[in-house]
Amino acid sequence: MKVYITQPIPEVAEKMLRDAGHEVDVNPENKILSKTELVEVLKAKPYDAVLCLLTNQIDAEIFDACPTAKIFANYAVGYNNIDVAEADKRGIVVTNTPGALTDAVAEHTVALMMSVVRRVVEADKYLREGKFKGWEPLGFLGTELKGKTVGILGAGRIGYRVGQILHKGFDMLVAYYDVKRNNEFEKELGAIFYESPEELLKVSDIVSVHVPLLDSTKHLINAERLKMMKKSAYLVNTSRGPVVDEVALVEALQNKTIAGAGLDVFENEPVLAPGLADLPNIVITPHIASATVPAREGMAVLAAQNIIDFFEGKTSLNKIVV
Ligand code: NAD
């Protein structure tokens, strides 16, 4: 089968596909293909499978450009970049890479929390700018995590792991809201379930967002809900940017409606909302939560395996069900 990989990923994926007898083309340039460029590439050759990235918008236009493709294997656990309903209508299979990046994303989430509550980035900048004149009794006062409540919005794989790290490592209390109640989470960590996001926001010292981007989760954190959070609370988002109304967040941070934020994802990547990057009370990273060697290799293996299994007629692939 002919497989197209839209941007270089760890080489293990290409090797696995070739070893399984497939012909593989990889976009040689390490840059995001625009929609027009991707359409052009897919029209040039009758590919049977596409291994795509979260930066590729995959919709009817792409399916029309490549009517031979039977599977789109997303190199991500989130699949909001793919019109799965349209794929399903056409009998095209869509897969993702769950699990491989759970630890990487959960650990990065905690890194953002630690950085923002202990003002690590602000202090680093201060030191590099030559402003440090010696130990200061009142300099860079932050807060501690022990005994505080983390509110997990979305207790799936990543939310669960964040809860485990914070409860077991930092003695934090865990509260959560999810559309599905998670008995294991409650049993293992004593996590308290709240019936609505609003109730969770009111009791949390840190809110950590781990829901997928869906119509129902777009702007789940909006101006109204930010006002429900404690003034001393922090918001951390490593899920998808549009889950948080970024303009409302900038306003809340400017007005000190909440204390600070740690963000790995943004509403209109790569562009940031006006004023966001000027705020001192945030820590921001450029969508790197899964950027560890084991996670990215694990994702490559899963994405390739999904394609191999599909063409071998196996049913164990990580197929997205609409
Ligand atoms: P998951 O499917 O295991 O967990 C998602 C949880 O959210 C589920 O428990 C689900 O029931 C819950 N949920 C769905 N809709 C909800 C709603 N309206 N309100 C409350 N809860 C809701 O997924 P995961 O593997 O934990 O990944 C979570 C998300 O993290 C992904 O969808 C992806 O968008 C994001 N992510 C980001 C990065 C990054 O690089 N920053 C990396 C990996 C994943």
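Both counts, for ligands and for their atoms, begin at 1 and track the order of listing. Values below: all heavy atoms of this structure, side chains included; hydrogens, waters and symmetry mates excluded.
- With hydrogens left out, the protein atom closest to atom 22 (C) of ligand 1 is V211 CG1, 3.6 Å, a heavy atom.
- In this model, no donor atom of one side chain and acceptor atom of the other lie less than 3.5 Å apart for Y234 and N281.
- When only interatomic distances are considered, the shortest N/O to N/O separation between N80 and ligand 1 does not fall below 3.5 Å.
- Residues L173 and V203 fall into different hydrophobic clusters, defined by Ile, Leu, Val, Met, Phe, Trp and Tyr side chains chained together at heavy-atom separations under 4.5 Å.
- Here L220 has no heavy atoms under 4.0 Å from ligand 1, in either its backbone or its side chain.
- Looking only at protein heavy atoms, the nearest one to atom 44 (C) of ligand 1 is V77 CG1, 3.1 Å.
- Looking from atom 14 (C) of ligand 1 to the surrounding protein, the closest heavy atom is P212 CD, 3.6 Å.
- Within the 4.0 Å heavy-atom shell around ligand 1 one finds A155.
- M299 and V77 fall within the same hydrophobic cluster, defined by Ile, Leu, Val, Met, Phe, Trp and Tyr side-chain heavy atoms under 4.5 Å apart, directly or through other members.
- Using 4.0 Å as the threshold, T217 has a heavy atom nearer than that to some atom of ligand 1.
- A parallel orientation is assigned to the rings of F193 and Y177, their planes being inclined by less than 30° (bins at 30° and 60°).
- Note on ring orientation: taking the six-membered ring where Trp is involved, the planes of Y176 and F185 are perpendicular (angle over 60°, cut-offs 30° and 60°).
- Contact annotation: V179 has at least one heavy atom less than 4.0 Å from an atom of ligand 1.
- By the criterion of a heavy-atom distance under 4.0 Å, the backbone of H210, and not its side chain, is placed next to ligand 1.
- Heavy-atom distances between L213 and ligand 1 stay at or above 4.0 Å for every pair.
- The closest heavy-atom contact to atom 15 (N) of ligand 1, among the options T102, T97, L214, comes from L214.
- Residue contact check: D264 has heavy atoms under 4.0 Å from atoms 39 (C), 40 (O), 41 (N) of ligand 1.
- The closest protein non-hydrogen atom to atom 42 (C) of ligand 1 is V105 CG2, 3.3 Å.
- Checking I152, T238, N182, D178 against atom 9 (O) of ligand 1, the nearest heavy atom belongs to D178.
- For atom 4 (O) of ligand 1, the nearest protein heavy atom (residue, atom name, distance) is G156 CA, 3.2 Å.
- For E23, the CD atom sits in a packed shell: over 12 heavy atoms of surrounding residues, nucleotides or ligands are nearer than 6.0 Å.
- Of the protein's non-hydrogen atoms, the one nearest atom 40 (O) of ligand 1 is H287 CD2, 3.1 Å.
- At the shortest separation from atom 33 (C) of ligand 1 among protein heavy atoms lies R240 NH1, 3.8 Å.
- At most 12 non-hydrogen atoms from other residues, nucleotides or ligands lie less than 6.0 angstrom from NZ of K15.
- A side-chain N or O of N74 and one of N81 form a donor-acceptor pair less than 3.5 Å apart.
- Contacts between H108 and ligand 1, counted as non-hydrogen atom pairs separated by less than 4.0 Å, are absent for every part of the residue.
- The backbone and the side chain of I158 each have at least one atom closer than 4.0 Å to an atom of ligand 1 (non-hydrogen atoms only).
- Here the side chain of K70 pairs a donor or acceptor atom with the backbone of T68 at under 3.5 angstrom.
- Remark: the backbone N or O of E37 is paired with a side-chain donor or acceptor of S34 at under 3.5 angstrom.
- No hydrogens or angles considered: a donor-acceptor pair under 3.5 Å links the side chains of S208 and H210.
- Of the listed residues (R161, R157, K180), the one carrying the non-hydrogen atom nearest atom 2 (O) of ligand 1 is R157.
- Looking from atom 19 (N) of ligand 1 to the surrounding protein, the closest heavy atom is Y177 CE2, 3.5 Å.
- Applying the 6.0 Å contact sphere to CD of E251 captures no more than 12 heavy atoms from other residues, nucleotides or ligands.
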